[in-house]
There are 2 protein chains.
Amino acid sequence: MSQTDHVRETLKSAGLRPTRQRLALGGLLFNGHDRHFTAEQLHDEARRGGFKVSVATVYNTLHQFTGAGLLREVVVDGSKTHFDTNTSNHHHFLFADGSLMDIPAGQMQVLGLPEPPEGSAVVRVDILVRLGRAA
Amino acid sequence: MSQTDHVRETLKSAGLRPTRQRLALGGLLFNGHDRHFTAEQLHDEARRGGFKVSVATVYNTLHQFTGAGLLREVVVDGSKTHFDTNTSNHHHFLFADGSLMDIPAGQMQVLGLPEPPEGSAVVRVDILVRLGRAA
DNA sequence: GTGTTTGCAAAGTGTTTGCAATTTA
DNA sequence: TAAATTGCAAACACTTTGCAAACAC
């Protein structure tokens, strides 16, 4: 199965029409490698690769992908929104330069988490490990 | 010691001049209760209390307070910046309505955190427990 | 064909900045 | 009086929206 077919298949199973733009952006994202990126980075990458996409479409597409469970948003600071192609349960290292690295949740465990207040339930636990230069 | 004197003292020990604006905003914040708020909320609160401060000054002041270690920023989503008067080591519950509640770090422990990559060191670990309505 | 998607530019948020006027020490 | 701080409005960065044209099925 070609890479294009794989993306086409991914979109179809997510209920998204395989438009030219979605195929192009999906081709950059769903290639087997986990990656972290912002809308701007993906837009730049697409244009450098010769694909003409508007910023608005990149944003729309990323939100559609996220809504379809193909991407996850990662909140690391107030400015840009970061997306992650790894949608499984995991956490992150945040490097001093702003880049991210996944930490598989499997090897981690949080002890002592208090019960959430009456009427609420835990939806997700996000752990962000902020890193600096070694001492 | 009056509340005003307490704020004045707090500012002085942080190396910040006790200007009218800082005293007013500090008075709203450093009253013994831990609170979470955004710049806009604090600005509204100040004006409702009859104090005229510009948005720019609220932002400047919050950043000065943060730089002086009197406040902490809490990242919960890409939109607004949240500030926290609790500067000790702790984590957060994020309710469905966007409000926050502190979780003392003392009772918590994270197991299985991998070593940070060569050349970097852990600066801080932030845990955000996202809550929804109970099932 | 018919409903969906795109692109553009304009509007919207939240936040920062430049600079003259004001205030503090 | 000298240096720090404020307020305003304009500038900013990122993101969303409205709507006609283009496209997928």
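Residue numbers begin at 1 in each chain, while the letters A, B, ... track the order of the sequences.
- Relative orientation of the A/F93 and A/F95 rings is tilted, given thresholds of 30° and 60° on the angle between their planes.
- At a cut-off of 3.5 Å, with distance as the only test, no side-chain donor of B/H91 or B/D102 sits close to an acceptor on the other residue.
- Using modelled atom types, one finds no donor on one side chain facing an acceptor on the other under 3.5 Å when comparing B/N31 with B/H6.
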Exercise. Determine, stepwise, if the pair B/V122 / A/R130 fulfils side chain to side chain contact (heavy atoms under 4.5 Å, CB included).
Key: CA-CA 6 Å; B/V122 175; A/R130 298 176 185 277; over 6 Å; no

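- The side-chain heavy atoms of A/M108 and B/L111, taken from C-beta on, include no pair separated by under 4.5 Å.
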Quiz prompt | Letter per nucleotide, 5' to 3', of nucleotides 11-17 of chain C [B base touched, S only sugar-phosphate touched, - untouched; heavy atoms, 4.0 Å] | solution = ---SSBB

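- Between the OG1 atom in A/T66 and the CZ atom in A/F83 there is a gap of 5.0 Å [rounded to 0.5 Å].
- At least one side-chain heavy atom of A/P114 sits under 4.5 Å from a side-chain heavy atom of B/I103.
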Practice problem: Could you walk me through whether B/R124 and B/R72 pass the side chain to side chain contact (heavy atoms under 4.5 Å, CB included) test, one step at a time? | Solution: CA-CA 12 Å; B/R124 203 171 82 195; B/R72 237 183 72 173; 3.9 Å; yes

Could you go through nucleotides 19-25 of chain C and list every protein N or O atom that sits under 3.5 Å from one of its N or O atoms, giving the distance for each pair?
{"unit_1": "C/dT24", "atom_1": "O2", "unit_2": "B/R17", "atom_2": "NH1", "d": "3.4"}

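- Not counting sequence neighbours, the partners of B/P104 by the side chain to side chain contact (heavy atoms under 4.5 Å, CB included) test are B/Q107.
- Protein chain A contacts DNA chain D from D/dC14 to D/dC25, reading 5' to 3' and using non-hydrogen atoms of the protein with a distance under 4.0 Å.
- Here the side chain of B/S120 pairs no donor or acceptor atom with the backbone of A/R133 at under 3.5 angstrom.
- Summarising the geometry, atom CZ belonging to B/R35 is positioned 10.5 Å from atom CZ belonging to B/F30; distances are rounded to the nearest 0.5 Å.
- Remark: the B/H36 side chain and the B/N86 side chain contain no N/O donor-acceptor pair separated by less than 3.5 Å.
- Recorded end-axis angle for the helix from C/dG1-D/dC25 to C/dA25-D/dT1 stands at 30°, based on five pairs per end and rounded to 10 degrees.
- The NZ atom of A/K52 lies 6.0 Å from the CZ atom of A/R47; values are rounded to the nearest 0.5 Å.
- Taking the six-membered ring where tryptophan is involved, the planes of B/H90 and B/H92 are perpendicular, since the angle between them exceeds 60° and thus also 30°.
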Exercise. For the pair B/L29 and B/L42, evaluate side chain to side chain contact (heavy atoms under 4.5 Å, CB included) and give the outcome as yes or no after the intermediate values.
Key: CA-CA 9 Å; B/L29 300 176; B/L42 186 62; 3.8 Å; yes

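- Residues of residues 66-77 of chain B that place a heavy atom closer than 4.0 Å to DNA chain D do not occur.
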